[in-house]
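Let me begin by presenting the structure, written as C-alpha coordinates, before commenting on it.
Start at 1 with the first residue, then count along the sequence. Keep in mind the model is a prediction, meaning the values are calculated, not measured.
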Amino acid sequence: MKNIVGISLLFLLLIGPWYFLINEANGEFVFYSSLILTLFLTIIGFVIFLENRNPVQTIAWLVVFGAFPFVGCIFYFLFGRNFRKERIFHKKYFLDKQSFVKISGEAEHHERIKEMGGSSQQLFTLANRLGNSPISFTTETRVLRNGQETFFNIIEQLNKARHHIHLEYYIVRDDDIGCVLKNVLMEKAREGVEIRFLYDAVGSWKLERSYINDLKQAGVEMVAFGPLHLPLLNNTFNFRNHRKIIVIDGSVGFMGGLNIGDEYLGKNPKFGSWRDTHLIVKGEAVRTLQLIFLQDWYYSTNQSFLTDEYLMSGSELHKGDGGVQLIGGGPDSEWTIIKSIFFKMITSAEKSVWIASPYFVPDDDILQALKVAALSGLDVRLLVPKNPDKRIVYHASRTYFPEMLASGVRIFQYNEGFMHSKIIIVDEQLASIGTTNMDMRSFHLNFEVNAFLYRTESALQLVNDFKEDLVLSQEVEIDAFSKRNIGLKVLESTCRLLSPLL
(Lines give C-alpha, C1' and ligand atoms only; values in the text may rest on other atoms or scores of the structure.)
Protein backbone atom coordinates (compact mmCIF):
# COMPACT_ATOMS: atom_id res chain seq x y z
CA MET A 1 0.00 0.00 0.00
CA LYS A 2 2.83 2.37 0.83
CA ASN A 3 4.25 2.37 -2.69
CA ILE A 4 0.81 2.84 -4.24
CA VAL A 5 0.17 5.87 -2.05
CA GLY A 6 3.62 7.29 -2.80
CA ILE A 7 3.33 6.86 -6.53
CA SER A 8 -0.19 8.30 -6.52
CA LEU A 9 0.91 11.38 -4.61
CA LEU A 10 3.90 11.89 -6.89
CA PHE A 11 1.56 11.59 -9.88
CA LEU A 12 -0.69 14.26 -8.39
CA LEU A 13 2.24 16.60 -7.82
CA LEU A 14 3.42 16.19 -11.40
CA ILE A 15 0.05 16.24 -13.18
CA GLY A 16 -1.72 18.75 -10.95
CA PRO A 17 -0.18 21.95 -12.36
CA TRP A 18 -0.75 20.77 -15.95
CA TYR A 19 -4.35 19.83 -15.21
CA PHE A 20 -4.88 23.23 -13.59
CA LEU A 21 -3.76 25.06 -16.71
CA ILE A 22 -6.10 23.05 -18.90
CA ASN A 23 -9.13 23.50 -16.66
CA GLU A 24 -8.43 26.94 -15.29
CA ALA A 25 -11.34 28.48 -17.19
CA ASN A 26 -14.08 26.19 -16.00
CA GLY A 27 -12.92 25.73 -12.37
CA GLU A 28 -13.03 21.95 -12.49
CA PHE A 29 -9.51 21.77 -11.06
CA VAL A 30 -10.63 22.90 -7.62
CA PHE A 31 -13.32 20.25 -7.39
CA TYR A 32 -11.28 17.31 -8.68
CA SER A 33 -8.08 18.22 -6.86
CA SER A 34 -10.02 18.54 -3.60
CA LEU A 35 -11.61 15.16 -4.22
CA ILE A 36 -8.28 13.50 -5.01
CA LEU A 37 -6.53 15.12 -2.04
CA THR A 38 -9.33 14.00 0.28
CA LEU A 39 -8.92 10.45 -1.02
CA PHE A 40 -5.17 10.56 -0.40
CA LEU A 41 -5.63 11.92 3.11
CA THR A 42 -8.09 9.14 3.88
CA ILE A 43 -5.65 6.49 2.67
CA ILE A 44 -2.73 8.00 4.60
CA GLY A 45 -4.84 8.34 7.74
CA PHE A 46 -5.81 4.68 7.47
CA VAL A 47 -2.14 3.66 7.06
CA ILE A 48 -1.17 5.67 10.17
CA PHE A 49 -4.04 4.06 12.07
CA LEU A 50 -2.79 0.56 11.16
CA GLU A 51 0.78 1.40 12.23
CA ASN A 52 -0.42 1.59 15.89
CA ARG A 53 1.77 4.58 16.68
CA ASN A 54 1.74 6.47 19.91
CA PRO A 55 -1.78 8.00 20.16
CA VAL A 56 -0.23 11.47 20.53
CA GLN A 57 1.57 11.05 17.21
CA THR A 58 -1.54 9.74 15.48
CA ILE A 59 -3.69 12.63 16.68
CA ALA A 60 -0.97 15.14 15.78
CA TRP A 61 -0.83 13.85 12.22
CA LEU A 62 -4.60 13.96 11.84
CA VAL A 63 -4.70 17.55 13.14
CA VAL A 64 -1.99 18.59 10.67
CA PHE A 65 -3.82 16.89 7.81
CA GLY A 66 -7.01 18.67 8.75
CA ALA A 67 -5.43 22.12 9.10
CA PHE A 68 -2.85 21.97 6.29
CA PRO A 69 -3.84 19.06 4.01
CA PHE A 70 -1.50 19.60 1.06
CA VAL A 71 1.53 20.62 3.14
CA GLY A 72 0.73 17.82 5.58
CA CYS A 73 0.95 15.24 2.78
CA ILE A 74 4.35 16.46 1.67
CA PHE A 75 5.62 16.62 5.26
CA TYR A 76 4.40 13.10 5.99
CA PHE A 77 6.06 11.53 2.96
CA LEU A 78 9.35 13.26 3.72
CA PHE A 79 9.54 12.79 7.47
CA GLY A 80 6.68 10.82 8.90
CA ARG A 81 6.67 7.39 7.34
CA ASN A 82 7.42 4.51 9.67
CA PHE A 83 6.27 1.78 7.28
CA ARG A 84 7.15 -1.43 9.05
CA LYS A 85 10.63 -0.33 9.99
CA GLU A 86 11.21 -3.76 11.50
CA ARG A 87 10.82 -5.20 8.01
CA ILE A 88 13.09 -2.64 6.41
CA PHE A 89 15.92 -3.37 8.83
CA HIS A 90 15.08 -6.97 9.78
CA LYS A 91 18.10 -8.44 8.02
CA LYS A 92 20.43 -5.85 9.56
CA TYR A 93 19.08 -6.41 13.07
CA PHE A 94 19.39 -10.20 12.80
CA LEU A 95 22.99 -10.06 11.58
CA ASP A 96 23.92 -7.40 14.16
CA LYS A 97 22.54 -9.51 17.00
CA GLN A 98 24.32 -12.65 15.83
CA SER A 99 27.63 -10.78 15.57
CA PHE A 100 27.33 -9.35 19.08
CA VAL A 101 26.39 -12.72 20.54
CA LYS A 102 29.49 -14.20 18.92
CA ILE A 103 31.83 -12.01 21.00
CA SER A 104 29.67 -11.17 24.02
CA GLY A 105 30.84 -14.01 26.23
CA GLU A 106 34.52 -13.30 25.87
CA ALA A 107 34.71 -10.00 27.70
CA GLU A 108 32.41 -10.60 30.65
CA HIS A 109 33.95 -10.11 34.08
CA HIS A 110 31.58 -11.81 36.48
CA GLU A 111 33.49 -11.00 39.68
CA ARG A 112 33.79 -7.31 38.86
CA ILE A 113 30.12 -7.15 37.98
CA LYS A 114 29.20 -8.63 41.36
CA GLU A 115 31.11 -5.80 43.05
CA MET A 116 28.86 -3.21 41.43
CA GLY A 117 25.84 -1.91 43.30
CA GLY A 118 22.43 -3.44 42.79
CA SER A 119 21.14 -0.72 40.47
CA SER A 120 24.34 -0.77 38.40
CA GLN A 121 24.12 -4.54 38.02
CA GLN A 122 20.53 -4.21 36.83
CA LEU A 123 21.47 -1.48 34.40
CA PHE A 124 24.32 -3.58 33.00
CA THR A 125 21.99 -6.55 32.61
CA LEU A 126 19.45 -4.41 30.78
CA ALA A 127 22.08 -2.87 28.49
CA ASN A 128 23.60 -6.27 27.75
CA ARG A 129 20.25 -7.86 26.92
CA LEU A 130 19.04 -5.00 24.75
CA GLY A 131 22.32 -4.05 23.08
CA ASN A 132 24.02 -7.47 23.15
CA SER A 133 27.19 -5.65 24.14
CA PRO A 134 29.52 -6.74 26.96
CA ILE A 135 30.87 -4.51 29.71
CA SER A 136 34.65 -4.08 29.84
CA PHE A 137 36.84 -3.39 32.85
CA THR A 138 40.03 -3.32 30.74
CA THR A 139 39.29 -0.22 28.66
CA GLU A 140 40.79 3.23 28.98
CA THR A 141 38.68 6.30 28.20
CA ARG A 142 39.34 10.02 28.24
CA VAL A 143 36.90 12.91 27.87
CA LEU A 144 37.54 15.51 25.15
CA ARG A 145 35.55 18.63 26.01
CA ASN A 146 35.73 20.75 22.83
CA GLY A 147 36.59 20.73 19.14
CA GLN A 148 40.21 21.73 19.65
CA GLU A 149 40.94 18.77 21.94
CA THR A 150 38.90 16.37 19.84
CA PHE A 151 40.33 17.11 16.40
CA PHE A 152 43.90 17.39 17.73
CA ASN A 153 43.65 13.88 19.15
CA ILE A 154 41.88 12.52 16.08
CA ILE A 155 44.52 13.83 13.68
CA GLU A 156 47.29 12.62 15.98
CA GLN A 157 45.91 9.08 16.09
CA LEU A 158 45.09 8.99 12.37
CA ASN A 159 48.72 9.75 11.57
CA LYS A 160 49.71 6.66 13.59
CA ALA A 161 47.44 4.28 11.63
CA ARG A 162 49.19 1.28 10.09
CA HIS A 163 46.48 -1.14 8.93
CA HIS A 164 43.02 0.44 8.69
CA ILE A 165 40.91 3.49 9.49
CA HIS A 166 37.13 3.34 9.75
CA LEU A 167 35.03 6.52 9.92
CA GLU A 168 31.28 6.96 10.28
CA TYR A 169 29.71 10.43 10.50
CA TYR A 170 26.37 12.14 10.20
CA ILE A 171 27.78 15.46 8.96
CA VAL A 172 30.96 15.94 6.95
CA ARG A 173 31.80 19.39 5.60
CA ASP A 174 34.24 20.54 2.94
CA ASP A 175 35.68 23.33 5.09
CA ASP A 176 38.99 23.93 6.87
CA ILE A 177 38.88 21.00 9.31
CA GLY A 178 37.20 18.84 6.67
CA CYS A 179 40.11 19.49 4.31
CA VAL A 180 42.66 18.77 7.05
CA LEU A 181 40.96 15.42 7.63
CA LYS A 182 40.78 14.73 3.89
CA ASN A 183 44.47 15.40 3.39
CA VAL A 184 45.45 13.09 6.26
CA LEU A 185 43.23 10.31 4.93
CA MET A 186 44.57 10.69 1.40
CA GLU A 187 48.15 10.49 2.67
CA LYS A 188 47.44 7.40 4.77
CA ALA A 189 45.66 5.76 1.84
CA ARG A 190 48.74 6.31 -0.34
CA GLU A 191 50.80 4.61 2.38
CA GLY A 192 48.62 1.52 1.98
CA VAL A 193 46.32 1.95 4.96
CA GLU A 194 42.79 0.61 4.33
CA ILE A 195 40.28 3.43 4.78
CA ARG A 196 36.50 3.08 4.79
CA PHE A 197 34.39 6.21 5.23
CA LEU A 198 30.61 6.02 5.81
CA TYR A 199 28.69 9.31 5.76
CA ASP A 200 24.96 9.97 6.05
CA ALA A 201 23.36 11.05 2.79
CA VAL A 202 21.00 13.54 4.46
CA GLY A 203 23.31 14.93 7.13
CA SER A 204 26.07 15.46 4.55
CA TRP A 205 23.89 16.52 1.64
CA LYS A 206 25.93 19.73 1.21
CA LEU A 207 29.20 17.84 0.88
CA GLU A 208 30.88 18.73 -2.41
CA ARG A 209 31.22 15.95 -4.96
CA SER A 210 34.82 16.98 -5.50
CA TYR A 211 35.58 16.19 -1.83
CA ILE A 212 34.30 12.65 -2.27
CA ASN A 213 36.06 12.17 -5.60
CA ASP A 214 39.42 13.34 -4.22
CA LEU A 215 39.22 10.75 -1.45
CA LYS A 216 38.12 7.99 -3.81
CA GLN A 217 40.93 8.74 -6.25
CA ALA A 218 43.43 8.45 -3.39
CA GLY A 219 42.09 4.99 -2.54
CA VAL A 220 39.58 5.78 0.22
CA GLU A 221 36.33 3.83 0.06
CA MET A 222 33.65 6.49 0.45
CA VAL A 223 30.04 5.31 0.86
CA ALA A 224 26.78 7.14 1.59
CA PHE A 225 24.43 5.67 4.21
CA GLY A 226 20.79 5.78 3.08
CA PRO A 227 21.34 7.39 -0.34
CA LEU A 228 18.46 9.48 -1.66
CA HIS A 229 16.83 8.67 -4.97
CA LEU A 230 13.17 9.72 -4.93
CA PRO A 231 12.55 10.92 -1.36
CA LEU A 232 8.78 10.60 -1.64
CA LEU A 233 9.14 6.93 -2.49
CA ASN A 234 12.13 6.12 -0.30
CA ASN A 235 11.05 4.17 2.80
CA THR A 236 14.37 4.77 4.59
CA PHE A 237 14.45 8.54 4.09
CA ASN A 238 13.37 9.24 7.66
CA PHE A 239 15.85 6.83 9.29
CA ARG A 240 19.25 8.50 9.51
CA ASN A 241 22.69 7.44 10.71
CA HIS A 242 23.50 9.94 13.46
CA ARG A 243 26.59 8.08 14.71
CA LYS A 244 30.06 9.62 14.94
CA ILE A 245 32.66 6.85 15.05
CA ILE A 246 36.34 6.48 14.24
CA VAL A 247 38.23 3.21 14.71
CA ILE A 248 41.99 3.06 14.08
CA ASP A 249 43.73 -0.32 13.74
CA GLY A 250 41.11 -1.84 16.04
CA SER A 251 42.84 -0.40 19.11
CA VAL A 252 41.82 3.27 19.31
CA GLY A 253 38.32 4.65 18.90
CA PHE A 254 36.50 7.97 19.02
CA MET A 255 32.81 8.66 19.56
CA GLY A 256 30.63 11.46 20.89
CA GLY A 257 28.85 14.61 19.80
CA LEU A 258 31.19 16.22 17.26
CA ASN A 259 30.74 15.91 13.51
CA ILE A 260 33.33 17.07 10.96
CA GLY A 261 32.92 20.81 10.47
CA ASP A 262 34.38 24.18 11.38
CA GLU A 263 31.39 25.10 13.57
CA TYR A 264 32.57 22.45 16.05
CA LEU A 265 35.75 24.49 16.43
CA GLY A 266 33.75 27.63 17.22
CA LYS A 267 34.30 29.20 13.80
CA ASN A 268 30.63 29.82 12.99
CA PRO A 269 29.98 33.52 13.74
CA LYS A 270 26.31 32.75 14.46
CA PHE A 271 27.18 30.64 17.51
CA GLY A 272 30.75 31.55 18.38
CA SER A 273 31.98 29.19 21.07
CA TRP A 274 30.83 25.59 20.60
CA ARG A 275 30.58 23.45 23.75
CA ASP A 276 30.67 19.74 22.99
CA THR A 277 31.89 16.45 24.41
CA HIS A 278 33.69 13.55 22.74
CA LEU A 279 35.38 10.41 24.04
CA ILE A 280 38.60 8.61 23.11
CA VAL A 281 38.53 4.87 23.80
CA LYS A 282 41.48 2.48 23.95
CA GLY A 283 41.46 -1.24 24.53
CA GLU A 284 38.85 -3.95 24.72
CA ALA A 285 35.69 -1.88 24.19
CA VAL A 286 36.99 -0.55 20.86
CA ARG A 287 35.90 -3.89 19.43
CA THR A 288 32.26 -2.90 19.97
CA LEU A 289 32.77 0.34 18.03
CA GLN A 290 34.46 -1.70 15.31
CA LEU A 291 31.56 -4.12 15.20
CA ILE A 292 28.97 -1.32 14.96
CA PHE A 293 30.86 0.23 12.06
CA LEU A 294 31.35 -3.06 10.20
CA GLN A 295 27.66 -3.89 10.52
CA ASP A 296 26.67 -0.48 9.15
CA TRP A 297 29.21 -0.91 6.35
CA TYR A 298 27.79 -4.31 5.47
CA TYR A 299 24.24 -2.91 5.44
CA SER A 300 25.33 -0.15 3.04
CA THR A 301 27.65 -2.14 0.76
CA ASN A 302 27.02 -5.89 1.24
CA GLN A 303 30.76 -6.14 1.94
CA SER A 304 31.50 -8.17 5.07
CA PHE A 305 34.64 -7.67 7.15
CA LEU A 306 33.36 -9.41 10.29
CA THR A 307 36.57 -11.38 10.69
CA ASP A 308 39.14 -11.85 13.45
CA GLU A 309 41.49 -9.57 11.50
CA TYR A 310 39.27 -6.62 12.44
CA LEU A 311 37.44 -7.82 15.55
CA MET A 312 40.21 -9.50 17.53
CA SER A 313 43.43 -7.74 16.58
CA GLY A 314 44.68 -4.50 18.09
CA SER A 315 42.30 -4.37 21.05
CA GLU A 316 44.91 -5.04 23.69
CA LEU A 317 43.85 -4.83 27.31
CA HIS A 318 44.34 -1.58 29.18
CA LYS A 319 44.26 -0.80 32.86
CA GLY A 320 40.68 0.26 33.21
CA ASP A 321 39.50 2.10 36.32
CA GLY A 322 35.86 1.11 36.01
CA GLY A 323 33.28 -0.38 33.66
CA VAL A 324 32.84 0.75 30.07
CA GLN A 325 29.96 -0.40 27.88
CA LEU A 326 29.34 0.83 24.32
CA ILE A 327 25.82 0.49 22.97
CA GLY A 328 24.43 1.06 19.50
CA GLY A 329 20.74 1.72 19.04
CA GLY A 330 18.50 2.37 16.08
CA PRO A 331 15.29 1.62 14.19
CA ASP A 332 16.64 -1.82 13.28
CA SER A 333 16.13 -3.01 16.87
CA GLU A 334 13.01 -4.58 18.30
CA TRP A 335 13.54 -2.39 21.39
CA THR A 336 14.16 1.32 21.87
CA ILE A 337 17.54 0.41 23.32
CA ILE A 338 19.18 3.65 24.37
CA LYS A 339 15.92 5.26 25.50
CA SER A 340 15.20 2.22 27.69
CA ILE A 341 18.65 2.47 29.29
CA PHE A 342 18.15 6.20 29.89
CA PHE A 343 14.80 5.43 31.53
CA LYS A 344 16.43 2.85 33.78
CA MET A 345 19.21 5.29 34.73
CA ILE A 346 16.67 7.91 35.76
CA THR A 347 14.37 5.58 37.69
CA SER A 348 17.24 3.86 39.52
CA ALA A 349 18.88 7.11 40.67
CA GLU A 350 19.22 7.52 44.43
CA LYS A 351 20.56 11.08 44.71
CA SER A 352 20.80 12.98 41.45
CA VAL A 353 20.11 13.02 37.71
CA TRP A 354 21.96 15.58 35.59
CA ILE A 355 21.26 15.89 31.87
CA ALA A 356 22.82 18.01 29.14
CA SER A 357 21.11 17.95 25.76
CA PRO A 358 20.99 20.45 22.89
CA TYR A 359 17.55 19.18 21.84
CA PHE A 360 15.07 18.32 24.58
CA VAL A 361 11.80 16.89 23.26
CA PRO A 362 11.19 13.86 25.48
CA ASP A 363 8.47 11.29 25.04
CA ASP A 364 5.97 10.60 27.81
CA ASP A 365 8.09 7.88 29.48
CA ILE A 366 11.22 10.00 29.92
CA LEU A 367 9.24 13.10 30.89
CA GLN A 368 7.31 11.25 33.57
CA ALA A 369 10.49 9.60 34.91
CA LEU A 370 12.19 12.97 35.30
CA LYS A 371 9.20 14.55 37.02
CA VAL A 372 8.76 11.63 39.42
CA ALA A 373 12.48 11.70 40.26
CA ALA A 374 12.30 15.41 41.09
CA LEU A 375 9.08 15.02 43.07
CA SER A 376 10.81 12.24 45.05
CA GLY A 377 13.39 14.74 46.24
CA LEU A 378 16.25 13.88 43.86
CA ASP A 379 18.50 16.60 42.49
CA VAL A 380 17.34 16.70 38.85
CA ARG A 381 19.01 19.24 36.58
CA LEU A 382 18.63 19.91 32.86
CA LEU A 383 21.19 21.89 30.86
CA VAL A 384 20.09 23.19 27.44
CA PRO A 385 21.44 25.88 25.10
CA LYS A 386 20.08 29.41 25.32
CA ASN A 387 20.98 30.13 21.69
CA PRO A 388 19.29 27.59 19.38
CA ASP A 389 20.39 26.20 16.04
CA LYS A 390 17.03 24.53 15.31
CA ARG A 391 14.14 26.86 16.02
CA ILE A 392 11.27 24.37 15.95
CA VAL A 393 12.96 22.01 18.39
CA TYR A 394 14.04 24.92 20.60
CA HIS A 395 10.53 26.33 20.93
CA ALA A 396 9.00 22.87 21.36
CA SER A 397 11.38 22.06 24.20
CA ARG A 398 10.37 25.17 26.15
CA THR A 399 6.78 23.93 26.43
CA TYR A 400 8.04 21.19 28.76
CA PHE A 401 9.64 23.69 31.13
CA PRO A 402 6.58 24.71 33.21
CA GLU A 403 5.59 21.18 34.27
CA MET A 404 9.21 20.21 34.90
CA LEU A 405 9.88 23.33 36.95
CA ALA A 406 6.68 22.74 38.91
CA SER A 407 7.85 19.21 39.77
CA GLY A 408 11.20 20.50 41.08
CA VAL A 409 13.48 20.00 38.06
CA ARG A 410 16.11 22.75 37.84
CA ILE A 411 16.66 23.99 34.29
CA PHE A 412 19.74 25.89 33.14
CA GLN A 413 20.38 27.65 29.83
CA TYR A 414 23.98 27.67 28.63
CA ASN A 415 25.05 31.20 27.68
CA GLU A 416 28.52 30.79 26.18
CA GLY A 417 27.78 30.09 22.52
CA PHE A 418 26.08 26.82 21.65
CA MET A 419 25.94 23.75 23.89
CA HIS A 420 25.88 20.46 21.91
CA SER A 421 26.93 17.94 24.60
CA LYS A 422 24.75 14.88 25.12
CA ILE A 423 25.32 13.73 28.69
CA ILE A 424 23.46 11.94 31.49
CA ILE A 425 25.02 11.62 34.95
CA VAL A 426 23.40 9.64 37.78
CA ASP A 427 24.51 9.92 41.41
CA GLU A 428 27.83 11.40 40.17
CA GLN A 429 29.07 7.84 39.48
CA LEU A 430 27.30 6.53 36.40
CA ALA A 431 27.38 8.48 33.15
CA SER A 432 26.42 8.27 29.50
CA ILE A 433 28.09 10.14 26.67
CA GLY A 434 27.37 9.76 22.98
CA THR A 435 25.33 10.86 20.00
CA THR A 436 21.81 10.42 21.42
CA ASN A 437 19.79 13.57 22.00
CA MET A 438 16.98 13.64 24.54
CA ASP A 439 14.35 13.73 21.81
CA MET A 440 11.97 11.46 19.93
CA ARG A 441 14.04 11.34 16.75
CA SER A 442 17.09 9.97 18.54
CA PHE A 443 14.96 7.51 20.51
CA HIS A 444 12.95 6.10 17.63
CA LEU A 445 14.36 7.02 14.21
CA ASN A 446 18.13 7.57 14.26
CA PHE A 447 21.02 5.13 14.46
CA GLU A 448 22.95 6.24 17.55
CA VAL A 449 25.85 5.09 19.73
CA ASN A 450 26.53 5.82 23.41
CA ALA A 451 29.16 4.93 25.97
CA PHE A 452 28.01 4.04 29.48
CA LEU A 453 30.66 4.61 32.13
CA TYR A 454 30.55 2.93 35.54
CA ARG A 455 32.68 4.63 38.22
CA THR A 456 35.47 5.62 35.86
CA GLU A 457 37.75 8.66 35.87
CA SER A 458 35.93 9.80 32.73
CA ALA A 459 32.61 9.75 34.59
CA LEU A 460 34.14 11.95 37.30
CA GLN A 461 35.46 14.29 34.62
CA LEU A 462 31.95 14.61 33.17
CA VAL A 463 30.70 15.53 36.65
CA ASN A 464 33.29 18.31 36.97
CA ASP A 465 32.61 19.55 33.43
CA PHE A 466 28.88 19.68 34.10
CA LYS A 467 29.44 21.77 37.22
CA GLU A 468 31.66 24.16 35.26
CA ASP A 469 29.01 24.46 32.54
CA LEU A 470 26.43 25.43 35.14
CA VAL A 471 28.62 28.37 36.17
CA LEU A 472 28.36 29.62 32.58
CA SER A 473 24.59 29.16 32.53
CA GLN A 474 21.52 30.98 33.78
CA GLU A 475 18.87 29.14 35.77
CA VAL A 476 15.30 29.37 34.52
CA GLU A 477 12.96 30.75 37.18
CA ILE A 478 9.36 29.58 36.99
CA ASP A 479 7.84 33.00 37.81
CA ALA A 480 9.81 34.83 35.13
CA PHE A 481 9.33 32.08 32.57
CA SER A 482 5.54 32.07 33.03
CA LYS A 483 5.41 35.75 31.99
CA ARG A 484 6.25 35.04 28.34
CA ASN A 485 3.98 36.91 25.94
CA ILE A 486 1.03 35.12 24.38
CA GLY A 487 2.55 35.20 20.89
CA LEU A 488 5.60 33.28 22.05
CA LYS A 489 3.44 30.75 23.90
CA VAL A 490 1.37 30.14 20.76
CA LEU A 491 4.54 29.64 18.72
CA GLU A 492 5.95 27.20 21.28
CA SER A 493 2.71 25.22 21.44
CA THR A 494 2.59 25.00 17.66
CA CYS A 495 6.15 23.66 17.56
CA ARG A 496 5.31 21.14 20.26
CA LEU A 497 2.38 19.94 18.16
CA LEU A 498 4.82 19.23 15.34
CA SER A 499 7.49 17.61 17.54
CA PRO A 500 6.00 14.08 17.65
CA LEU A 501 5.94 14.06 13.85
CA LEU A 502 9.70 14.46 13.44
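- N259 and Y264 form a side-chain donor-acceptor contact under 3.5 Å, judged by distance and modelled atom types alone.
- Residues H163 and E309 bring a donor and an acceptor atom of their side chains to less than 3.5 Å of each other.
- No donor-acceptor contact under 3.5 angstrom links the side chains of N446 and R243, judged on distance only.
- No hydrogens or angles considered: a donor-acceptor pair under 3.5 Å links the side chains of Q290 and H164.
- Residues I341 and I327 form a side-chain contact, since some pair of their non-hydrogen atoms from C-beta on lies under 4.5 Å apart.
- Salt-bridge formation is not detected for the pair R142/E457: no Lys NZ or Arg NE/NH1/NH2 atom is positioned less than 4.0 Å from an Asp or Glu carboxylate oxygen.
- Taking a cutoff of 4.0 Å between a charged side-chain nitrogen and a carboxylate oxygen, D363 and K339 qualify as a salt bridge.
- Just one of L405, I355, I478 meets the side-chain contact (heavy atoms from CB on, under 4.5 Å) condition when paired with I411; it is L405.
- Aromatic ring pairs are classed by plane angle as parallel below 30°, tilted from 30° to 60° and perpendicular above 60°; the pair F481 and F401 is tilted.
- In this structure, L430 and I425 have side chains that are not in contact, with every pair of non-hydrogen atoms separated by 4.5 Å or more.
- Counting only residues at least two apart or in different chains, side chain to side chain donor-acceptor pair (under 3.5 Å) contacts with residues 211-220 comprise K182-D214.
- Within a 6.0 Å sphere centred on NZ of K489, heavy atoms belonging to other residues, nucleotides or ligands number more than 12.
- In summary, the side chains of Q303 and W297 do present a donor paired with an acceptor at a separation below 3.5 Å, with no hydrogens or angles considered.
- Inter-residue side-chain proximity for S348 and Q122 is flagged as unmet; no heavy-atom pair is nearer than 4.5 Å.
- Listed by first and then second residue, the side chain to side chain donor-acceptor pair (under 3.5 Å) pairs involving residues 191-204 are H166-R196, K188-E191, E194-R196, E194-Y310, R196-Y310, D200-R240 (not counting sequence neighbours).
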Throw together a table of side-chain donor-acceptor distances under 3.5 angstrom for residues 366-376, partners on residues two or more places apart or in other chains.
unit_1 : atom_1 : unit_2 : atom_2 : d
K371   : NZ     : E403   : OE1    : 2.9
S376   : OG     : V372   : O      : 2.7

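- Checked by atom type, the side-chain pair Q429/Y454 shows no donor-acceptor distance below 3.5 Å.
- Proximity of L472 to Y414: side-chain heavy atoms (C-beta onward) are separated by under 4.5 Å at one or more points.
- For K244 and E448, the salt-bridge test fails: no basic side-chain N is under 4.0 Å from an acidic carboxylate O.
- Side-chain atoms of D465 and Q461 include a donor-acceptor pair closer than 3.5 Å.
- The distance between the ring centers of F225 and Y299 falls below 6.0 angstrom.
- For the residue pair T139 / E284, no side-chain donor-acceptor distance below 3.5 Å is found, with atom types taken as modelled.
- No side-chain donor from either of N415 and S473 sits under 3.5 Å from a side-chain acceptor of the other.
- Side-chain N/O atoms of E492 and H395 include no donor and acceptor closer than 3.5 Å.
- Using a 4.5 Å heavy-atom cutoff, the side chains of T436 and F443 are in contact.
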